[in-house]
Amino acid sequence: MLGAGGGNDIQWCFSQVKGAVDDDVAEADIISTVEFNHSGELLATGDKGGRVVIFQQEQENKTQSHSRGEYNVYSTFQSHEPEFDYLKSLEIEEKINKIRWLPQKNAAQFLLSTNDKTIKLWKISERDKRPEGYNLKEEDGRYRDPTTVTTLRVPVFRPMDLMVEASPRRIFANAHTYHINSISINSDYETYLSADDLRINLWHLEITDRSFNIVDIKPANMEELTEVITAAEFHPNSCNTFVYSSSKGTIRLCDMRASALCDRHSKLFEEPEDPSNRSFFSEIISSISDVKFSHSGRYMMTRDYLSVKIWDLNMENRPVETYQVHEYLRSKLCSLYENDCIFDKFECCWNGSDSIVMTGSYNNFFRMFDRNTKRDITLEASRENNKPRTVLKPRKVCASGKRKKDEISVDSLDFNKKILHTAWHPKENIIAVATTNNLYIFQDKMN
Amino acid sequence: MAATLGTGARAEESGQEKQDMQEKETVTPERAEEAKLKAKYPNLGQKPGGSDFLMKRLQKGQKYFDSGDYNMAKAKMKNKQLPSAGPDKNLVTGDHIPTPQDLPQRKSSLVTSKLAG
């Protein structure tokens, strides 16, 4: 069992926490997605109220060599609004399901944000100077009477306080009958995919009135429906390859060169099930809630209700590594079904070097698995541990039997405190962990 | 008996939780949980991951089925007292007659996120 010290193990310390302290959580404040940009300088969050908040890491201070820059608010805007489709009698939530950053090409930053039905491309740009000295306008914008103008001057740019502006540049709408669960930008940086429960569409970032359907698993007779798409992602290097996961625990890898409609997979990843172990819950807990390629592109990771699995793209018949997130919940499945927790969709993420994977759990616990040392650790996101540079204490859950000191029993876990969304800085050991309505940032101890 | 972590093994059955089962010597935790669930809800369908559950997922957000359903329900309810919008707002149609006035007014958040505070 991994302790808090020794060797190459990372020592995680609290850095910052964002959000309200009070326990009374407004629905709109529930965090629904967290994502670092490609450099790690920016960190975006989306919430149930349709808002996006972007944090920026401050430049490293030479005098404060013991910690990396803090993340401060850079921009915040309302990305999506609630809608009601009167024709279909359908309420469309403004909740931001996913945010994905585009790699930076110029001074501005771009990101895609999506709710259940509509994807938007947002441009975030800085303005730090403004023109002054117009001839026909006063400084406050009022027009001058032209007859009063006796001389001409050349307007000049003068510095101003930094203003960060977000504007929607593209709106990709009306392409999904079902609810969008994933968006993924292609490595060509020109196209991206969006996936709903039954279909996956391919878009060009410049074109909003057209998209190509590349996967369609809707059966002719809806009563024959047995599985839905739960997540999809483009391969990080091969622009023709993407994967999608299903509610039955399978992952299909598709090659867009094979045909226009990729209904026939190139590879099918599925772990064979032991039929003697099958129960009412088997299919529900095998449903994959997230799929992520490693940065290298050689592996992919899937998250189902109780475990995290690493798959080698060259081997379809079973994962190469399996990590139990909270196996002690297996004997609580009845209650977890009754309170709907069994349907919670946990995400997972890789560190920059693909050596450690991380995912969330209940009671505001989150777990990390080191693929090389095979050691794992459980940490807690809590305001009680908020002393900067103090190493976080590992937590342990006692499944049954005699509970040791400092352990917490399964029955004492708070199932309303779920960590569904976590993100790892692409280069550094900095992680962002979202509890229901707070965002925690942890860093490794620098010496 | 603590459940083992980091391996693919099944958790050992916990003595305190085990139901009184005569059929088998050892019952997996999952099967024990399944038995508990079936004891509580005997009418639970045989296909847990099948159509019903998935259809419910696909219909998330659906308020009313169609105008025919609305009119049928209205006709049925003519002689009865209209039920108020109870706690179960997520129910799709049925006996509750929704009217445009009942629809909760969806307003976007005008308040800035508390993360930015």
Side-chain angles (χ1 to χ4, degrees), chain A residues 1 18-20 28-29 31 45 47 49-51 53 73 76 78 81-84 88-94 116 178-179 197-198 222-228 247-248 277 279-284 287 322-324 327-328 330-334 337-338 369 374 376 398-401 437 439, chain B residues 1-18 28-41 44 46-51 53-55 57-67 70 98 100 103-104 106-117:
Chain A
M1 186 52 55
K18 309 277 184 193
D29 292 324
I31 299 172
T45 61
D47 66 22
R51 301 164 300 190
V53 182
V73 179
T76 175
Q78 185 78 34
E81 305 266 357
E83 289 173 60
F84 196 86
K88 293 187 194 159
S89 204
L90 190 67
E91 203 166 53
I92 302 170
E93 270 193 305
E94 66 274 36
D116 283 340
Y178 302 99
H179 302 295
D197 292 316
L198 297 178
M222 280 299 269
E223 284 180 10
E224 288 165 22
L225 181 70
T226 55
E227 74 185 314
V228 294
S247 53
K248 275 187 160 176
N277 277 347
S279 76
F280 174 84
F281 304 109
S282 299
E283 193 172 303
I284 301 173
S287 176
T322 300
Y323 301 104
Q324 301 302 332
E327 179 67 14
Y328 46 78
R330 199 179 288 270
S331 50
K332 300 288 176 193
L333 292 177
C334 180
Y337 180 87
E338 289 180 293
F369 302 93
K374 297 301 179 203
D376 58 87
C398 168
S400 60
N437 64 329
L439 183 72
Chain B
M1 296 172 280
T4 52
L5 294 173
T7 67
R10 260 184 263 135
E12 291 170 53
E13 61 175 357
S14 60
Q16 297 96 311
E17 314 242 317
K18 191 177 134 187
T28 67
E30 252 181 74
R31 288 279 179 84
E33 291 296 300
E34 182 176 4
K36 261 196 241 173
L37 193 69
K38 292 218 159 122
K40 279 196 190 180
Y41 309 103
L44 208 53
Q46 289 311 300
K47 271 203 319 161
S51 296
F53 157 57
L54 288 179
M55 289 307 284
R57 177 189 172 133
L58 294 182
Q59 279 181 356
K60 177 192 110 173
Q62 197 88 34
K63 280 288 177 205
Y64 316 116
F65 188 63
D66 62 13
S67 62
Y70 175 89
L103 271 183
R106 301 301 315 283
K107 286 206 180 89
S108 67
S109 315
L110 300 173
V111 183
T112 311
S113 164
K114 296 199 178 103
L115 292 183

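Throughout, protein chains are lettered first and strands after them, A, B, ... in sequence-line order, and every chain is numbered starting at 1.
Taking 4.5 Å as the limit, every side-chain heavy atom of B:K114 sits out of range of all side-chain heavy atoms of A:N437.
Taking every heavy atom of both residues into account, B:K36 and A:C334 meet most closely at CB-SG, 3.8 Å. Across every non-hydrogen atom of A:E338 and B:Y41, the tightest pair is OE2-OH, 2.7 Å.
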Query - Candidate pair B:E30 and A:L333, rule side-chain contact (heavy atoms from CB on, under 4.5 Å), full reasoning - result: CA-CA 7 Å; B:E30 252 181 74; A:L333 292 177; 3.4 Å; yes

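To the nearest 0.5 Å, the span separating OG on A:S279 from NZ on B:K38 amounts to 8.5 Å. The CG atom of A:L439 sits 6.0 Å away from the CG atom of B:L115 when rounded to the nearest 0.5 Å. The structure places CD of B:E33 at 11.0 Å from CZ of A:R330, a figure rounded to the nearest 0.5 Å.
Under the side chain to side chain contact (heavy atoms under 4.5 Å, CB included) criterion, A:T76 pairs with A:V53, B:T112, B:A116, sequence neighbours left out. In terms of the side chain to side chain contact (heavy atoms under 4.5 Å, CB included) criterion, residue partners of A:K248 (sequence neighbours excluded) are, by chain and number, A:T226, A:E227, A:S246, A:E283.
A:S282 touches chain B through backbone and side chain together, each having a heavy atom under 4.5 Å away.
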